[in-house]
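The figures that follow rest on heavy atoms only: side chains count, while hydrogens, waters and symmetry mates do not.
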Amino acid sequence: MEKSYELHPSSADNPSFKKLLHSLKQWINQFNTRGVAISNILQDISVPLVLASAIEQMTGDQLVESETLLAPTIKSYQLLIGILVQYVKKNLGMNPPPERWSLEGLVSRDISSLVCFLVDVAYSFQCPFPIPENVSIAVVCVQNIDGAMTKKTTVHQITAPGYNAPSTHNLYDPSADAEMDAFEELISSPEQFEEVKALLLQYCNEKLAECHIKLKDVAELRTDQLVVLIGILGGFFVPMSLWQLKPKTPEQKLKNAETCMMFLDQFEIPTDRVTAQGTGIDGRDCEC
């Protein structure tokens, strides 16, 4: 019996649900250190990998030990989900009723299980991004039983009335609205995200060509190459005392990232969504 899940059109257009997904995506992506960014919470099979990376940074615990799990495949998705569920139950004391989320629901990519799971983890780690209260969604379960397709729609409560995820540290302004801006709208689908990445790659390579630097992927842009790119775009030479060529240590990478931030501030380019550590510049978050 084959089973798949779809978001009901009425929920897809729900502003509160959109805001919830956006906050979860921003929260998880800010910890990404493996060069993989989530563009769609409900579709990307890299969600458990990036979430595992986030938990590793927040706790210091190592969740992903096998390099084979780093490839975004259905098998690695399922294995990582199992690791995450085991971790949150053992270390965070999570034991929700199966109708909220379960290992089976997560492995089968049940939308309500996935979103409820992410909300509960975000709550436990005091997500600083706004989580809307009283969010419900309708999910369509599509089943193939003996060649006959059946559809069943159920409504799920994601956050309760009065829900408010606590926050003791704010990486961004907590009063900021989580509505998508023009650029985020531009990369709201995987296809658009890849198209924008290709255009950025072409632009960077055109500018870096004079320094004989060629990138294969915009996510491979190192902090020293970013310093060079800023110098080219600004038409000035960056003294070597301010940055490290081919940085190897976290301290060297952070120094380069801080230099980039310094120039962005000098050029009055908004940096409220970019950080020198974590996923911002040093973490190579593709959306930054």
Side-chain angles (χ1 to χ4, degrees), residues 25-38 46 49-64 67 70 125-129 167-174 176 183 187 196-197 200-288:
K25 183 182 75 171
Q26 292 291 86
W27 175 64
I28 298 173
N29 275 340
Q30 71 178 348
F31 294 101
N32 173 32
T33 59
R34 291 191 169 101
V36 180
I38 298 170
S46 58
L49 174 61
V50 182
L51 179 59
S53 178
I55 293 177
E56 287 178 339
Q57 292 184 62
M58 289 185 289
T59 65
D61 297 331
Q62 185 176 4
L63 275 69
V64 183
E67 292 295 322
L70 299 181
F125 285 105
Q126 302 178 328
C127 170
F129 295 91
S167 174
T168 57
H169 65 289
N170 291 313
L171 303 182
Y172 299 88
D173 179 1
F183 182 74
I187 60 172
V196 171
K197 278 182 63 178
L200 287 174
L201 177 63
Q202 179 182 351
Y203 178 80
C204 289
N205 280 334
E206 287 177 356
K207 299 300 179 181
L208 292 170
E210 60 184 82
C211 293
H212 307 289
I213 298 174
K214 185 175 182 179
L215 305 173
K216 293 182 180 180
D217 191 316
V218 71
E220 296 178 357
L221 183 67
R222 299 195 310 264
T223 52
D224 57 331
Q225 295 170 335
L226 184 55
V227 172
V228 172
L229 179 61
I230 290 176
I232 292 174
L233 296 176
F236 59 85
F237 173 76
V238 183
M240 290 300 298
S241 60
L242 296 179
W243 61 293
Q244 175 68 44
L245 183 64
K246 294 183 178 180
K248 296 182 180 179
T249 68
E251 291 76 15
Q252 292 173 340
K253 294 178 182 179
L254 181 58
K255 178 181 179 181
N256 288 354
E258 289 174 340
T259 296
C260 293
M261 294 289 287
M262 177 187 69
F263 286 124
L264 292 177
D265 287 335
Q266 290 181 358
F267 295 146
E268 297 184 349
I269 297 176
T271 59
D272 56 312
R273 292 174 53 194
V274 184
T275 60
Q277 303 184 44
T279 82
I281 295 176
D282 190 42
R284 305 180 187 177
D285 182 347
C286 293
E287 290 189 32
C288 280

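- For Q225, the side chain to side chain contact (heavy atoms under 4.5 Å, CB included) criterion is met by I213, L215, L221, R222, not counting sequence neighbours.
- Side-chain contact check for L208 versus V228: some heavy-atom pair is nearer than 4.5 Å.
- If you take CG on L201 and NZ on K216, they are separated by 11.5 Å, rounding to the nearest 0.5 Å.
- A pairwise comparison of heavy atoms in K207 and I232 identifies O-CD1, 3.3 Å as the closest pair.
- Here Q202 pairs with E206 under the side chain to side chain donor-acceptor pair (under 3.5 Å) rule; sequence neighbours left out.
- Note that NZ of K246 and OG1 of T223 are 13.0 Å apart. Values are rounded to the nearest 0.5 Å.
- Residue A54 comes nearest to I28 through the heavy atom pair CB-O, 4.4 Å, listed as atom of the first residue, atom of the second, then distance.
- For S241, the side chain to side chain contact (heavy atoms under 4.5 Å, CB included) test picks out P239, with sequence neighbours left out.
- The side-chain heavy atoms of K197 and D217, taken from C-beta on, include a pair separated by under 4.5 Å.
- Side-chain contact check for Q244 versus T249: every heavy-atom pair is 4.5 Å or farther apart.
- The closest side-chain heavy-atom distance from F125 to T59 is below 4.5 Å.
- Atom CG of L226 is separated from atom OG1 of T259 by 10.0 Å, given to the nearest 0.5 angstrom.
- Shortest non-hydrogen contact noted between K248 and Q252 is N-OE1, 2.8 Å.
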Test side-chain contact (heavy atoms from CB on, under 4.5 Å) on I230 and C260; report intermediate values, then the result. CA-CA 8 Å; I230 290 176; C260 293; 3.9 Å; yes
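- If you take CG on L229 and CG on D224, they are separated by 11.5 Å, rounding to the nearest 0.5 Å.
- Residue pairs meeting the ring pair (Phe, Tyr, Trp, His ring centres under 6.0 Å) criterion with at least one member in residues 215-239, sequence neighbours excluded, are F236-F263, F236-F267.
- A donor-acceptor pair under 3.5 Å is absent between the side-chain atoms of N256 and the main chain of W243, judged by distance alone.
- In this view, K214 and N205 satisfy the side chain to side chain contact (heavy atoms under 4.5 Å, CB included) rule, not counting sequence neighbours.
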